[in-house]
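Small disclaimer: the values here were computed from a predicted structure and weren't measured. In what follows, chains carry the letters A, B, and so on, assigned in the order in which the sequence lines appear, proteins first and then strands, with residues in each chain numbered from 1.
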2 protein chains.
Amino acid sequence: MTASPTAPGTPAPDADWLRLDRQICFSLHAASRAFNGVYRVILKDLGLTYPQYLVMLVLWEQGDLPVKALGEQLRLDSGTLSPLVKRLETAGLVRRERSAEDERSVRVHLTEEGSQMRARALEVPRRIMSATGFDLAEIGELRARLDQLTTALDAAARTEAGAGR
Amino acid sequence: MTASPTAPGTPAPDADWLRLDRQICFSLHAASRAFNGVYRVILKDLGLTYPQYLVMLVLWEQGDLPVKALGEQLRLDSGTLSPLVKRLETAGLVRRERSAEDERSVRVHLTEEGSQMRARALEVPRRIMSATGFDLAEIGELRARLDQLTTALDAAARTEAGAGR
DNA sequence: GACCATTTAGTTGTGCGCAACTGAATCGTG
DNA sequence: CACGATTCAGTTGCGCACAACTAAATGGTC
């Protein structure tokens, strides 16, 4: 089906590289979107998008944090986080407060409603797990691979970028 | 570091599930964005975004196709493809033509410039490969896993969706 | 204390992704 | 032939992601 169309023994010609290129990166891209689709369905009850859910997970786990710290953990910059957190605030789940010590910093606090949502979110992971059809070991293995990949890609993006920062 | 914070012998409490959940889905999400970042750097010379590059790959491989067929192969709907293809047309890489037999269908044709770009794109896969730090076998393995995951997730999204179509 | 570089959020603009919808062409069935 | 359902592309609206920028606060150095 997706097997090589190349005659046996022939080194992969450029055309095959383009095919392969599509396959690997596309697989990742497609898997990411598929995950997003499942989350969209499961999170609909909570009224959260997947990135919003990620922010809530971090807050539930670590308590109030500055936007900066959220961005570091989720690898998102203020251009993404600022409007996202603002939407969470509009939904009544968080509150933003300028830090007293450092007026540049904005801490994101959970509201009562935001804290209470955690209880309703507890079932989400299990539903996601079952949707993948993978067991814990397989997921762990895949996760390790992906993290390894991300690290390599991030490093490559910096060097490929020429005189990268 | 990311190891379980749970006391030995204790069955993972719900809190740990929320942690794990963040890790697996987040890993995939992060890897996908990291890939996108590398492509952004590498494709800048060609003036393409990653999704635009995917469309060009399909056209280089299979020749002119209706929008519908592009969407099936890339798992994208017209809401995404229509403006994307329009941008490719503005860039002079493709041409859109209503099919004569079926006036509903629009075939996407490569222009001369679009066809010629293929030669310049041939080096892209190798640069991407080297950016991943993975060899062919590892990539193939990862791809198989991801495709398996996508299939499971797509199916789950349909059934989770309640009376899903 | 004055000045400049850095840090931190936020804003703007562009593109992707998807749900929901519109409109035109086609097909099927009576 | 007529009429309703379906198919296909496109549009609208919303949210995410990121580059590039702005604005305010902070820190370091002379």
Partner set under salt bridge (charged side-chain N to carboxylate O under 4.0 Å, His left out) for [X], not counting sequence neighbours:
| X | result |
| --- | --- |
| Glu141(B) | none |
| Glu103(B) | none |
| Asp64(A) | none |
| Glu123(A) | Arg127(A) |

Between [N] atom [atom2] and [X] atom [atom1], what is the distance in whole Å?
| X | N | atom1 | atom2 | value |
| --- | --- | --- | --- | --- |
| Leu28(B) | dA17(D) | CG | P | 13 Å |
| Leu65(B) | dA9(D) | CG | C1' | 15 Å |
| Leu81(A) | dA9(C) | CG | C1' | 10 Å |
| Arg96(A) | dT8(C) | CZ | P | 17 Å |
| Leu70(A) | dG10(C) | CG | P | 11 Å |
| Gln52(A) | dC14(D) | CD | P | 14 Å |
| Glu72(B) | dC8(D) | CD | P | 8 Å |
| Lys68(B) | dT6(D) | NZ | C1' | 11 Å |

So, OP1 or OP2 of dA9(C): does either fall under 4.0 Å of a side-chain N or O from Ser105(A)?
yes
Can you tell me if the side-chain N/O atoms of Lys86(B) get under 4.0 Å from OP1 or OP2 in dT11(D)?
yes
Any sub-3.5 Å donor-acceptor pair from Gln73(A)'s side-chain atoms to Leu70(A)'s backbone N or O?
no
May I ask you to decide if Ser99(A)'s main-chain N or O and Ser105(A)'s side chain share a donor-acceptor pair within less than 3.5 Å?
no
Which residue lies toward the 5' end of DNA chain C, Asp102(B) or Arg98(A), if each is placed at its nearest nucleotide?
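This one resolves to Arg98(A).
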At under 4.0 Å between heavy atoms, what does Thr49(B) touch on the DNA or RNA strands: base, sugar-phosphate, or nothing?
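Answer is sugar-phosphate: Thr49(B) comes under 4.0 Å of backbone atoms only.
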Listing request: all side chain to side chain donor-acceptor pair (under 3.5 Å) pairs with a residue in residues 32-51 of chain A, at least two apart in sequence or in separate chains.
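Sorted result for residues 32-51 of chain A: Tyr39(A)-Asp21(B).
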With sugar-phosphate taken as primed atoms, P, OP1 and OP2 and all else as base, the protein-contact string of nucleotides 17-23 of chain C at under 4.0 Å (heavy atoms; B, S, -) is BBB----
